[in-house]
Amino acid sequence: MPEGLEAEIWRRAAQPIVGRSIRHVWCDERVAPDGLVDTLNDARILAVDRTGKVVQIVTDAGVLGLHLGMTGRIEIDGTAPIERLEYASGADRPEWDRLRLTTLPAATVDGSGAPAVRMNDPRRLGRLSLDEHLELGPDLLTLSAAELGGALGRRTVAIKSLLLDQAAVAGLGNLCADEVLFWAGVAPGRSADELGEKEIVAIARACRTRLSKMLEAGGSTHGALSPQVRAGPAVCPRDGAPLQRSTIGARTAVWCPAHQR
DNA sequence: CGGCATGTTTCGCC
DNA sequence: AGGCGAAACATGCC
């Protein structure tokens, strides 16, 4: 599930660890930069932030970045804010753990000794970073028409590909990009530079309004184009026309040719 | 077995 | 130089 919405859910859920000290760090060295463990041991957690899809644990010794990839999940104090991933195994095997971080004080909720932060990622496309400089576009939840217009420029890529470009707009993934275009009434394959002002306004507005609703509903899978709708032959939830599946930018786009033009 | 999956990075070609 | 598209990465599931 990890798109910007999931990262935001995890960021919120992680706030209880702010103010604690890191007692022990373990990580899968294949997905972490050298020196990460030594740097973070005994550091104090100052904040948990989000930049695009990246959850950032800010400490007085450095910023730990959690990139979830396609199948990464986070547990806080032994509790998973998002229980299961739509396009990943329902299993949760210890050998898929990529980060275990314990704190003082430890979790107070259940006294189970569970890590304060645990990242589990079956597919191992996710990774950890330390003091990484991120060059990302404006955030998906607050995107303005002016910001989107600036990102479009003279780009000739499909608008959907541009929305997935993290340097253009930060935090959108495949599901949210389809969802936003669905509500904005714009076909995903349209060249970015040929969009009119009204369409730019509609896309930016759809980001702010629809994505906020999806966030409160539970994340990227809670839109009109849910995984259930995407999976099979389905009709448009808005007008009943047959939905179309296309490959755009090497990803599957689901859209309604009747109202997305 | 083939194909597909919420993501990013890299490579070759304009 | 920089935009663009395809391929690669790693793994599980249907």
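Order of the sequence lines fixes the chain letters, A, B, ..., with proteins taken first and strands second; residue numbering starts at 1 for each chain. Below, each value reflects all heavy atoms present in this structure, side chains not excepted, and no hydrogens, waters or symmetry copies.
- Although no hydrogens or angles enter the test, the distance criterion places a donor-acceptor pair under 3.5 Å between the side chain of A:T71 and the main chain of A:R123.
- Rounded to whole Å, the distance from CZ on A:R30 to P on C:dC9 is 15 Å.
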Test side chain to side chain contact (heavy atoms under 4.5 Å, CB included) on A:I9 and A:L215 and set out the steps. CA-CA 8 Å; A:I9 290 170; A:L215 173 63; 3.7 Å; yes
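- To the nearest 0.5 Å, atoms CZ (A:R30) and CZ (A:R124) are separated by 3.5 Å.
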Between A:R12 and A:E216, does the salt bridge (Lys or Arg N to Asp or Glu O under 4.0 Å) criterion hold? Intermediate values first, please. CA-CA 12 Å; A:R12 293 180 182 182; A:E216 302 312 324; 3.5 Å; yes
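- Note on A:V186 and A:V169: same hydrophobic cluster, where clusters join Ile, Leu, Val, Met, Phe, Trp and Tyr whose side-chain heavy atoms are under 4.5 Å apart, directly or indirectly.
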Are A:W10 and A:M119 close enough, and set up right, to give a side chain to side chain contact (heavy atoms under 4.5 Å, CB included), and what steps lead you there? CA-CA 11 Å; A:W10 284 317; A:M119 175 174 153; over 6 Å; no
A:R20 and A:T103: side chain to side chain donor-acceptor pair (under 3.5 Å), yes or no, with the steps? CA-CA 6 Å; A:R20 299 185 199 168; A:T103 58; 3.1 Å; yes
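- Under a 3.5 Å cut-off, the side chain of A:R245 and the backbone N or O of A:R230 do form a donor-acceptor pair.
- The distance between atom CD of A:Q228 and atom C1' of B:dA5, rounded to the nearest whole Å, is 14 Å.
- Here the C1' atom of nucleotide C:dC4 and the CG atom of A:D165 are 11 Å apart, to the nearest Å.
- In the region residues 153-163 of chain A, proximity to DNA chain C at under 4.0 angstrom, judged on heavy atoms, holds for A:R155, A:T156, A:V157.
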Distances under 3.5 Å between nitrogen or oxygen atoms of protein and nucleotides 7-14 of chain B:
| residue | atom | partner | partner atom | Å |
| --- | --- | --- | --- | --- |
| B:dG7 | OP1 | A:K53 | NZ | 2.8 |
| B:dG7 | OP2 | A:N174 | N | 3.2 |
| B:dG7 | OP2 | A:R251 | NH1 | 3.0 |
| B:dG7 | OP2 | A:R251 | NH2 | 2.7 |
| B:dT8 | OP2 | A:K53 | NZ | 2.6 |
| B:dT9 | OP1 | A:R127 | NH2 | 3.2 |

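- Residue A:T71 has no polar side-chain atom (N or O) positioned under 4.0 Å from OP1 or OP2 of C:dG12.
- Atom CG in A:D97 sits roughly 16 Å away from atom C1' in C:dT11 (whole-Å rounding).
- Base pairing in DNA chain C yields stems of at least 3 consecutive Watson-Crick or G-U pairs, both distances under 3.5 Å, namely B:2-5 with C:11-14, B:7-14 with C:2-9.
- A single hydrophobic cluster is seen to contain both A:L141 and A:L148, as judged by linkage of ILVMFWY side chains at heavy-atom distances under 4.5 Å, directly or through other members.
- In summary, of the residues considered (A:Q56, A:Q166, A:E132), a side-chain hydrogen bond (donor to acceptor under 3.5 Å, both in side chains) with A:T51 occurs for A:Q56 alone.
- A sub-4.0 Å separation between OP1 or OP2 of C:dA10 and a side-chain N or O of A:W96 is absent.
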Would A:L128 and A:L130 count as a side chain to side chain contact (heavy atoms under 4.5 Å, CB included) here? Give the steps. CA-CA 7 Å; A:L128 306 172; A:L130 188 64; over 6 Å; no
